[in-house]
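Take a look at the structure below.
These figures come from a predicted structure and were not determined experimentally. In listed order, ligands and their atoms are each counted from 1. Values below: every heavy atom of this structure, side chains too, minus hydrogens, waters and symmetry copies.
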Amino acid sequence: MAPHAIVTGGAGFIGSHVVDALLADGYAVTAVDDLSSGDAARVADAAELVALDIVDLQALEAVVRKVKPRAIFHLAAQASVVVSVQDPGRDCDVNVKGTLNVVEASGRVGAPVVFTSTGGALYGDEAPMPTGEDRIPAPLSPYGASKWAGEAYVKTWSLSSGLPHAVCRLGNVYGPRQSPHGEAGVVAIFAHHLYTGRAPKLYGHGTPTRDYVYVGDVVSALLAASGRSGTYNVATGVETDVSTVWRVLSEAAGKQIEPQLADLRPGELTHSCLDVSLAERELGWRAQTTISEGLARTYAALVEEFEGR
Ligand SMILES: NC(=O)c1ccc[n+]([C@@H]2O[C@H](COP(=O)([O-])OP(=O)(O)OC[C@H]3O[C@@H](n4cnc5c(N)ncnc54)[C@H](O)[C@@H]3O)[C@@H](O)[C@H]2O)c1
């Protein structure tokens, strides 16, 4: 019988790619998602989709006990910095209580958890770059705070249960299936503006930098981290400013549109770049996709999605 895995947030951007990779590796997969920002159409037909809110421990435990997964990938989250500033209570419910519920439920069946935290929103603006995992977090937003609190539960539950739960602190992830309709996900937003011929806003006047990492690389890191008990930055170690992202995407689209420049929004960082040497040493993982390859591939895939193909 095929081993089973659960992916929370499996109808989301990154989670749906994790579902695909697990299916390709021969797992039977259950995606758990409340569809608040996810889309059932992203979930592969071969996977089971269970619609539930991870804040509801009883409902979550019932699925975990039924499925008896060998591994859990916990990606369900309130994942927007701006929404976390507007509604920090709900952000805390989903990202802290929801994460506690996932590690609680995992203990009932002895399944290790991989938790997706954030490298961008966690370390704050004062951190040396590239930032290593040993830097004490100083988040600027409720989202960063809730992810840090979620990490604490994952690590504490790992110590007390002896289960090897891993924390992966992701850089700025981009790729196919990212929604252009939120306030985050600058690559998808820019791609949609290029596709529809509209000028985007470049917050921070185009100068903020991020560590952009292709979703396929993130998925392989998450799979490599399953069954490990460390905390790993998952990014590229390369800093790219937002003007460059716009320029490279414009080249991929073959279009020239003058962007609008705007001030940075509350809770946003000016710079972010992660030290990825620990993941290289301990997981044998390294991002394979350069930003220009990844952006070109993403633009082509997103255009197909915009056209409903
Ligand atoms: N995209 C990035 O650049 C990035 C960077 C750092 C960390 N992360 C983390 O990676 C994970 C996936 O992010 P994403 O970009 O795919 O976001 P996403 O919004 O596409 O996916 C999150 C999924 O979780 C689901 N969800 C939200 N609240 C839920 C709840 N209470 N119960 C069940 N399901 C719920 C949503 O419906 C959605 O499908 C998140 O934990 C996010 O914090 C993402």
Side-chain angles (χ1 to χ4, degrees), residues 6-20 30-43 49-57 59-60 63 72-84 87 89-102 105 113-123 139 141-151 154 167-189 210-215 217-219 221-222 225 232-236 245 269 272 274 294 298:
I6 287 181
V7 181
T8 75
F13 158 47
I14 305 170
S16 64
H17 288 281
V18 175
V19 169
D20 290 352
T30 298
V32 166
D33 199 299
D34 72 351
L35 303 175
S36 54
S37 68
D39 180 354
R42 287 196 186 114
V43 182
L49 171 62
V50 178
L52 65 80
D53 182 347
I54 56 164
V55 178
D56 180 347
L57 177 61
L60 181 64
V63 174
I72 298 178
F73 295 84
H74 173 37
L75 291 94
Q78 189 307 105
S80 155
V81 169
V82 171
V83 171
S84 81
D87 189 356
R90 176 63 187 165
D91 180 79
C92 177
D93 285 345
V94 178
N95 293 357
V96 184
K97 181 75 177 14
T99 298
L100 167 60
N101 287 349
V102 170
V113 173
V114 176
F115 170 55
T116 49
S117 184
T118 170
L122 202 68
Y123 294 118
S141 62
Y143 169 70
S146 67
K147 283 291 182 176
W148 191 18
E151 285 192 7
V154 171
V167 172
C168 289
R169 294 177 173 169
L170 313 184
N172 263 62
V173 188
Y174 68 94
R177 300 186 194 155
Q178 190 164 31
S179 169
H181 301 301
E183 103 297 334
V186 74
V187 170
I189 292 170
R210 297 286 183 270
D211 190 331
Y212 293 95
V213 58
Y214 187 68
V215 67
D217 287 326
V218 171
V219 169
L222 299 179
Y232 304 101
N233 285 339
V234 171
T236 62
V245 172
L269 293 177
S272 175
L274 306 181
T298 300

If only side-chain N and O atoms count, and only distance matters, is there a donor-acceptor pair under 3.5 Å linking Asp211 with Ser272?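 Not at all, the side chains of Ser272 and Asp211 share no donor-acceptor pair under 3.5 Å.
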List for me each residue that meets salt bridge (charged side-chain N to carboxylate O under 4.0 Å, His left out) alongside Asp53, sequence neighbours excluded, and say none if there are none.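 Residues passing salt bridge (charged side-chain N to carboxylate O under 4.0 Å, His left out) with Asp53: Arg90.
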List for me each residue that meets ring pair (Phe, Tyr, Trp, His ring centres under 6.0 Å) alongside Tyr212, sequence neighbours excluded, and say none if there are none.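 For Tyr212, no residue satisfies ring pair (Phe, Tyr, Trp, His ring centres under 6.0 Å) once neighbours in sequence are set aside.
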Going by the rule ring pair (Phe, Tyr, Trp, His ring centres under 6.0 Å), which residues pair with Tyr143 if we only count those two or more places apart in sequence or in a different chain?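 Partners of Tyr143 by the ring pair (Phe, Tyr, Trp, His ring centres under 6.0 Å) criterion come out as none, since no residue qualifies.
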Would you call the rings of Tyr174 and Tyr214 parallel, tilted or perpendicular if under 30° counts as parallel and over 60° as perpendicular?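 It falls in the perpendicular class, over 60°.
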Anything with a heavy atom under 4.0 Å from ligand 1 counts, so go ahead and list those protein residues by chain and number.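 Residues Gly9, Ala11, Gly12, Phe13, Ile14, Asp33, Asp34, Leu35, Ser36, Ser37, Gly38, Leu52, Asp53, Ile54, Leu75, Ala76, Ala77, Ala79, Arg90, Val94, Thr116, Ser117, Thr118, Tyr143, Lys147, Leu170, Gly171, Asn172, Val173 each place a heavy atom under 4.0 Å from ligand 1, listed by chain and number.
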Residues Arg42 and Asp33 bridged, charged N to O under 4.0 Å: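 No salt bridge links Arg42 with Asp33.
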